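Just so it is clear: chains get the letters A, B, ... in the order the sequence lines come, proteins before strands, and each one is counted from 1. Every heavy atom of this structure was used, including side-chain atoms; hydrogens, water molecules and symmetry mates were not. Everything quoted here is computed from the prediction, not taken from an experiment.
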Amino acid sequence: MLQQTRVETVLPYYARWLKRFPTVAALADAPLDDVLKSWEGLGYYARARNLHRAARLVQERHGGSLPDDPEALRALPGFGEYTTGAVASIAYGRRLPAVDGNVRRVLSRLYDLPAPTAAELRETAAALVPADRPGDFNQALMELGATICTPRSPRCAECPVAEFCLALARGTVAERPGRKRVGALPLEIVGTAVVRDAAGRLLLVRRPATGLLGGLWEFPGAVVGPDEAPEAAARRAALAAGAVLAPDAAATAIGVVEHTFSHKRVAYRAFAFRGAGAAAADAAEPSGAGVAPGDPVQGGGRHPATGRTWADETALAELALPVAQRKLARLAAAARPRL
DNA sequence: AAGGCGGGGCG
DNA sequence: CGCCCAGCCTT
């Protein structure tokens, strides 16, 4: 959870997580849908899928307890160089470095490194880690970055290692480490369809299992093409999801949700369609050919691995939705009385 | 080595 | 509005 996410953000998720999945076995036995639902709002959902897979591997390979061997840890999904070093040093007292964003900044300044590679930082950190209490040392280095050697306005006057800091001596603290991003994020416009069946249930589709927001649910949507109207893209997405709309069915614009991802910005332009017709019942089945409703899908999820569903308010609350889609759901609920 | 991959908080 | 957060995985 702490990968690329602030401690303060993680805390409430972590508490709920331990209550829901108190043991490795509980996590391994849980359906992927439950895991994703518990992760909803945290982002970087591959972390949840990796953790789930890791729990199952720990059950299978290591009898349910996390291995203390760094190589065995590194082989688990989600365990990169940092996490392996952090767990091995903090939990098992192994003398391994743990270079996170904080440590990268601290070392870049301490040694005045303009553009250190990951390997360079790892070697630098490895040479510093003591055999005695390596985990405490690693945490201290991270803590130094979090509290004193901050990205902006570092408190060098209070820094315990200021006398060793090359960047401070050379006046390059503000330039370490170098920045990366150049130019603005591309903007994407997604025509989004809010479709209700006769019972007022909402049509949702599941995203592919991997990639952006993998395995999560969303309103049918399509990227607006050149010379295409957002409403047309939304209609296209609704039809692709199996909705049956009268050809001239009127759509009502019900609002826009903008969201910034790590690599692009997306504007979801939402349209409510009337006249979702008889095929509503059909569409309750998974769209993937050959996938029967009761078939166990990856992770034993209770929802189809691919496909669509009609969700009432209760079902909607139980599905794992990205933050932007939750906002769209609120727009849909607000628009309903007028339709 | 570079790019894809969320979401929130802060200056 | 840009930057960054106890990074990982794929190419």
* For A:Ala146 and A:Asn50, take the nucleotide of DNA chain C holding the closest heavy atom to each; which residue's nucleotide lies nearer the 5' end? -> A:Ala146

* To do: Please state how far atom CD in A:Glu81 lies from atom P in C:dC8, giving the value in whole angstrom units.
  => 8 Å

* Atom pair distance, as rounded to whole Å: CD in A:Glu8 and C1' in C:dC5 -> 9 Å

* Structure fact -> The single option from A:Val190, A:Leu331, A:Val266 that satisfies side-chain contact (heavy atoms from CB on, under 4.5 Å) with A:Val257 is A:Leu331

* To do: Give a yes/no verdict on a cation-pi contact between A:Arg269 and A:Phe271, requiring under 6.0 Å between NZ or CZ and the six-membered ring centre and an angle within 45° of the axis.
  => no

* Asked: Would A:Arg74 and A:Glu81 pass as an ion pair if we require N to O under 4.0 Å?
  -> yes

* Rounded distance in Å - CZ (A:Arg122) to C1' (C:dC8) -> 13 Å

* Hey, does A:Ser153 reach any base, or is it just sugar-phosphate, or nothing, if we go heavy atoms under 4.0 Å? -> nothing

* Asked: Whole Å only: how far is the CZ atom of A:Arg104 from the C1' atom of C:dC3?
  -> 13 Å

* Asked: Hey, are A:Arg206 and A:Glu218 close enough for a salt bridge, meaning a charged N less than 4.0 Å from a carboxylate O?
  -> no

* Looking across every strand, which nucleic acid part, if any, lies under 4.0 Å from A:Arg49 by heavy atom: base, sugar-phosphate, or nothing? -> nothing

* Rounded distance in Å between the P positions of B:dG8 and C:dC9 -> 24 Å

* Asked: How does protein reach along nucleotides 2-10 of chain B, written 5' to 3' as B (base within reach of a heavy atom under 4.0 Å), S (only sugar-phosphate), or - (no contact)?
  -> --SBBSBB-

* Asked: How far does the C1' atom of C:dC3 sit from the matching atom of B:dG6, given to the nearest Å?
  -> 15 Å

* Asked: How about A:Arg47 and A:Asn50: does a side-chain donor come under 3.5 Å of a side-chain acceptor?
  -> no

* Where along residues 132-144 of chain A does a heavy atom fall under 4.0 Å from DNA chain C? -> A:Gln139, A:Met142

* Do A:Glu313 and A:Arg201 sit within salt-bridge range, that is, some charged N less than 4.0 Å from a carboxylate O? -> no

* Asked: Roughly how far apart, to the nearest Å, are C:dC4 and B:dC5 at atom C1'?
  -> 15 Å

* Asked: Less than 4.5 Å apart, any side-chain heavy atom of A:Phe219 and any of A:Leu203?
  -> no

* Using side-chain contact (heavy atoms from CB on, under 4.5 Å) as the criterion, point out the one residue from A:Leu166, A:Leu113, A:Asp112 that pairs with A:Thr172. => A:Asp112

* Structure fact -> Rounded to whole Å, CG of A:Leu11 lies from P of C:dA6 at a distance of 11 Å

* To do: Decide if the gap between the ring center of A:Trp17 and the ring center of A:Tyr13 is smaller than 6.0 angstrom.
  => no

* Structure fact -> Listing for DNA chain B: consecutive Watson-Crick or G-U pair runs of at least 3, distance cutoff 3.5 Å, ranges ordered by first number, gives B:1-5 with C:7-11, B:7-11 with C:1-5

* Asked: Does a side-chain N-to-carboxylate-O contact under 4.0 Å join A:Arg235 and A:Glu231?
  -> yes

* Side-chain contact test, heavy atoms from C-beta onward, threshold under 4.5 Å: evaluate it for A:Pro220 versus A:Thr192 and give yes or no. => no

